[in-house]
Amino acid sequence: MRVRVPASSANLGPGFDCFGIAWQLYNEIEFYHSPELVIKGCPEQFRNEENLAYLGYLSVLRAAGLPEEPVGISFLSTDIPVCRGLGSSSALIVGGALAADRLYRLGLSKRELLHIAAAVEGHPDNVAPAILGGLTASIMDEAGSVVTVSFTLSDKLCFTALIPDFELSTELARSVLPAQVSRADAISNISRASLLLKALEVGDAGLIPAALQDRLHEPYRRGLIPGFERVQELALSRGAAGMCISGAGSTLLCVSQGAGFTAGMAMAMAAEFPSWRVIPVIPDLEGAAVLE
Ligand code: HSE
């Protein structure tokens with residue numbers, strides 16, 4: 001049985017650990033009953049019991065009170081870049097969770113899968129769009145319960161992912177964050193995050209420059225992304241309404257009013273940052289799906 005799970009960008013500027021959008025950029029993974037754990041189609045270092053697709057799979061068996069049986073996992077396509085802030089870990093966990101539900105005919109809802117997968121990942125902000133698709137805002141309370149709401153996304157805004165050739169581990173990107181923030185920074189983020197949801201809903205590019213500003217994580221993380229300031233200058237001078245770090249990075253995400261931005265930005269990046277990929281990313285509105 002094959003599952004397809006979308007990439008996602010968490011945070012979106014001020015929505016730190018809360019907002020996420022799913023993209024039409026997918027991993028496709030096949031799962032089948034097997035007498036032993038078999039993992040194919042990925043680098044050797046991931047062919048073991050720590051594989052996140054396997055952990056996602058096991059998490060559902062555990063939640064259902066079933067024995068932890070092995071499984072065969074074949075990675076058919078892995079278009080989501082690894083450790084680039086595009087939700088590759090969540091996509092694997094969600095793929096495994098969805099596959100276990102279907103292989104064992106458990107009939108779990110997407111909301112139930114979200115709760116289980118978020119517990120494995122630790123944050124719901126990538127897992128929610130990976131499962132549900134679209135734009136989501138999520139909380140995980142002290143007891144680990146997840147509440148997620150979905151928002152509509154205007155098609156007037158376009159998104160471009162700038163993907164560097166270097167990885168950035170979430171662990172490192174979280175280690176540079178302060179444990180406490182000022183009231184002014186908290187207020188700035190709450191108010192801008194609220195504006196951002198409206199800007200994305202109605203496609204108001206004029207709101208984006210103010211709405212995408214973050215004070216909780218980006219000021220600390222941008223130093224981990226060599227070239228950040230120059231890339232931002234290029235993006236804004238080429239017509240982006242705003243740019244933010246996708247998830248914990250290293251990918252940067254630009255928001256623009258027209259699709260024409262991507263081609264111009266690709267040329268500018270090819271001249272100064274030739275090792276970065278510049279790709280348009282289109283929201284996925286379906287979320288994780290079983291293909292057969
Ligand atoms: N919200 C998370 C972060 C996403 O920015 O650290 C990566 O798990």
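In listed order, ligands and their atoms are each counted from 1.
Summarising the local packing, CD of Q45 is surrounded by more than 12 heavy atoms from other residues, nucleotides or ligands at distances under 6.0 Å.
Nearest heavy atom pair, residue L86 against residue S246, reads CD2-OG, 3.6 Å.
S88 and R84 form no side-chain donor-acceptor contact under 3.5 Å, judged by distance and modelled atom types alone. Side-chain N/O atoms of E69 and Y57 include no donor and acceptor closer than 3.5 Å.
Below 30°, between 30° and 60°, or above 60°: for W276 and F166 the angle between ring planes is above 60°, a perpendicular geometry.
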Pairs of nitrogen or oxygen atoms, one from ligand 1 and one from the protein, closer than 3.5 Å: please tabulate them with distances.
from	atom 1	to	atom 2	distance (Å)
ligand 1	1 (N)	N11	OD1	3.0
ligand 1	1 (N)	D17	OD1	2.5
ligand 1	1 (N)	D125	OD2	2.5
ligand 1	5 (O)	N11	ND2	2.8
ligand 1	5 (O)	R221	NH1	2.8
ligand 1	5 (O)	R221	NH2	3.4
ligand 1	6 (O)	R174	NH1	2.5
ligand 1	6 (O)	R221	NH2	2.8

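For the atom pair CG of L168 and OG1 of T251, the computed distance is 9.5 Å after rounding to the nearest 0.5 Å.
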